[in-house]
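One structure is given below, encoded as C-alpha cells.
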Amino acid sequence: MRLSRFFMPVLRDTPKEAEIISHQLMLRAGLIKQESAGIYAWLPLGLRVLQKVNAIVREEQNRAGAVELLMPTIQSADLWRESGRYEAYGKEMLRIEDRHEREMLFGPTNEEMVTEIFRTHVKSYRSLPLNLYHLQWKFRDEVRPRFGVMRSREFLMKDAYSFDLDAAGARHSYNKMFVAYLRTFARFGLKSIPMQADTGPIGGDLSHEFIILADTGESEVFCHKDTLDFATPPSNTNFDDAVTLQATVDKWTSLYAATSEKHDVAAYEAIEAGKRVSARGIEVGHIFYFGTKYSEPMKAQVQGPDGKPVTVHMGSYGIGPTRVVAAVVEASHDANGIVWPVPLAPFEVALINLKSGDKDCDQACNDLYHKLEQAGLSVLLDDTDERAGAKFASMDLIGLPFQLIVGPKGLKSGEVEIKERKTGERVTMPVEAALRRLVELVSARRFMG
Ligand code: ATP
Ligand code: MG
C-alpha cells in the first residue's frame, strides 16, 4: 500500500475524551473513529488489525472442531419470549419495531437463535457433538460505555455454541474451547489466565473468564504467580482426546485464580506470600456451560441411542475481537505509540522514503516495495512529501514492527537502514542484504504461541 493513496488519518494531539492509553493511541493512529457514544467506525488501518484477530480466532475455532455459520444481527422478540429472556434482559437490549409493528431486537447474544436453528435441523444423537460459531456484531446498551472499543455498545463477538447428549459430552466440548482459547490469546502475544467465573443458577464450576493482566483493566483479579508460566497447549493438540484435554484443563485450573466476584480470601491467603498476584485485568473471553437452560424451554431434543428423546446440553463461548485489539494495545505500546506484534500488525514493514521526488530514492523504494511484496510481506510505503521527522513520528505511532528507511545519503553507498520498532535497534546494510534480513525477521515472528 502506498501511503499517498491510503486513508490513515493520524492525529498529532491526544483527544481529550480518551482516558486510557489504548483508546488514545487507537484514535491517534487512525484505527477507529467514534460515531455515537460506544459506537465506532473501524478505519482502514484498524480494520486490517481486526481482520487479523478474526483470522486467528477462526483458525483456532476450526482446529478445535467448531463450525462457522453466520446468524443475523436482527432477531425476533418471539424467539426470546420462548426462553423467557425477552423481559428479563432489561435495558441493555436494543428493542426495535419494524413497519408491521413486529417486535424485533438487535442481538446482544445468540443462544436462542442458535438453539432454534439446531432444533430445526438436528434430530439424532449421531449428529453430536456439534459446535456452531459465528463472528457477528452485537449491541448491548451498556450503562457506561467507555475506554473506546474496550467497552462499547456495538462490538464484535465470536460466539460459539456447543450441543451434546449429556453432561460428560458437554464437559469435553467445554474443554475443547478452554484449550482453543489459551492458544488463541497466546497467538495474540497475550498471556491469558482462565479465572473461575459466576455460573449463575446452574451452579457447578464450568465457567471461566479469560483475563489479561493490565493496570487499566476493569476487573479486580487474584491469582497464583505460577499460572503466568504455564505452557500454552501446542498446535498439534488432539481435541478428540478427552483424557489429555481434561489433564490440560486440570493443570490450568489447579492454582488459585479468580475475579473479585468469585474471590475467596482464605484460599488466596493460603498461597505463599511471594506467589500472590493481586492485579487488574481485562476480560477478553468467557466460556460457559449451562446445561439445558435454553434447550429445555425451547424443546431442543434429539433422538437418543435408545430411541427416546433427549434434551441436549449446551455451552456458549465468547471472545470479543474488538476488545482484544484494545487489549493488545494496552499490553504493547511505548511512549511513541503502538508496538504491534507481527501476527497482528496492519502491515509488517514500513518502507520510508526520506526524500520523495528524488529519482534515486523513488526508484529504490519502488524496487524494494515490489520485492518485499513478492516475498509475501505486507508493506506500507510512505511516499508522501512530509518531513523526515513527521514520517518517523507517524510510523512509530502506528507501530508497524519493522521500518526500512531509504535516504539519499545511504543510497550513495548502496545502503539502507532497518529499524525494529520494539527495540528501537537500527542497522545499516546493503540493499539486498536488508531485503533478505527483513524477510527472515518477519517470517520468524509470524507465529506466536
Ligand atoms: P463484561 O463482564 O465485560 O461486561 P460480559 O460478561 O457481559 O462482559 P460476555 O457475554 O461473556 O460478556 O461476552 C463475551 C465477550 O465479549 C467478553 O469476554 C468480551 O471480550 C466481549 N464483550 C462483552 N461486552 C463487551 C462490550 N461492551 N464491548 C466490547 N466487548 C465486549
Ligand atoms: Mg463475562
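We count ligands from 1, going down the list as the structure has it; atoms in each ligand are counted the same way.
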Any atoms of ligand 1 less than 4.0 Å from a non-hydrogen atom of [X]? List them with their elements.
{"X": "Val284", "value": "18 (O), 20 (O)"}
{"X": "Met150", "value": "28 (N), 29 (C)"}
{"X": "Gly285", "value": "18 (O)"}
{"X": "Glu283", "value": "1 (P), 2 (O), 3 (O), 6 (O), 8 (O), 11 (O), 12 (O), 17 (C), 18 (O), 19 (C), 20 (O)"}

For ligand 1, which part of [X] has a heavy atom less than 4.0 Å away: the side chain, the backbone, both, or neither?
{"X": "Val149", "answer": "backbone"}
{"X": "Met157", "answer": "side chain"}
{"X": "Arg323", "answer": "side chain"}

Identify the heavy atoms of [X] and [Y] that sit nearest to each other, and give their distance.
{"X": "Ala170", "Y": "His313", "value": "CB-CB, 4.0 Å"}
{"X": "Asn238", "Y": "Leu245", "value": "O-CD1, 4.3 Å"}
{"X": "Val284", "Y": "Ala327", "value": "CG1-CB, 4.0 Å"}
{"X": "Ala64", "Y": "Ala180", "value": "CB-CB, 3.9 Å"}
{"X": "Ser22", "Y": "Val329", "value": "CA-CG1, 3.7 Å"}

Exercise for the section: Answer with yes or no after comparing the ring centroid distance for Tyr89 and Trp80 against a 6.0 Å cut-off, counting only values under it. Expected result: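 Yes; Trp80 has its ring centre under 6.0 Å from that of Tyr89.
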Handout entry: Residue among Glu68, His134, Lys158 satisfying side-chain hydrogen bond (donor to acceptor under 3.5 Å, both in side chains) with Gln61
Key =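 In the set Glu68, His134, Lys158, the residue that makes a side-chain hydrogen bond (donor to acceptor under 3.5 Å, both in side chains) with Gln61 is Lys158.
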Exercise for the section: Determine whether any heavy atom of Thr109 lies closer than 4.0 Å to an atom of ligand 1. Expected result: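 The answer is no: ligand 1 sits nowhere under 4.0 Å from a heavy atom of Thr109.
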Practice task
On the 0 to 90° scale, with breaks at 30° and 60°, tag the Phe118-Phe163 ring pair as parallel, tilted or perpendicular.
Solution key: parallel
Any nitrogen or oxygen of [X], main chain or side chain, under 3.5 Å from a nitrogen or oxygen of ligand 1?
{"X": "Ser152", "value": "yes"}
{"X": "Phe155", "value": "no"}
{"X": "Glu209", "value": "no"}
{"X": "Gly320", "value": "yes"}

Problem - Closest candidate by heavy atom, reference atom 5 (P) of ligand 1, pool Arg140, Lys138, His286, Glu218 - result: Arg140
Exercise for the section: Could you tell me whether Glu283 and Arg151 have a side-chain N and a carboxylate O separated by less than 4.0 Å? Expected result: no
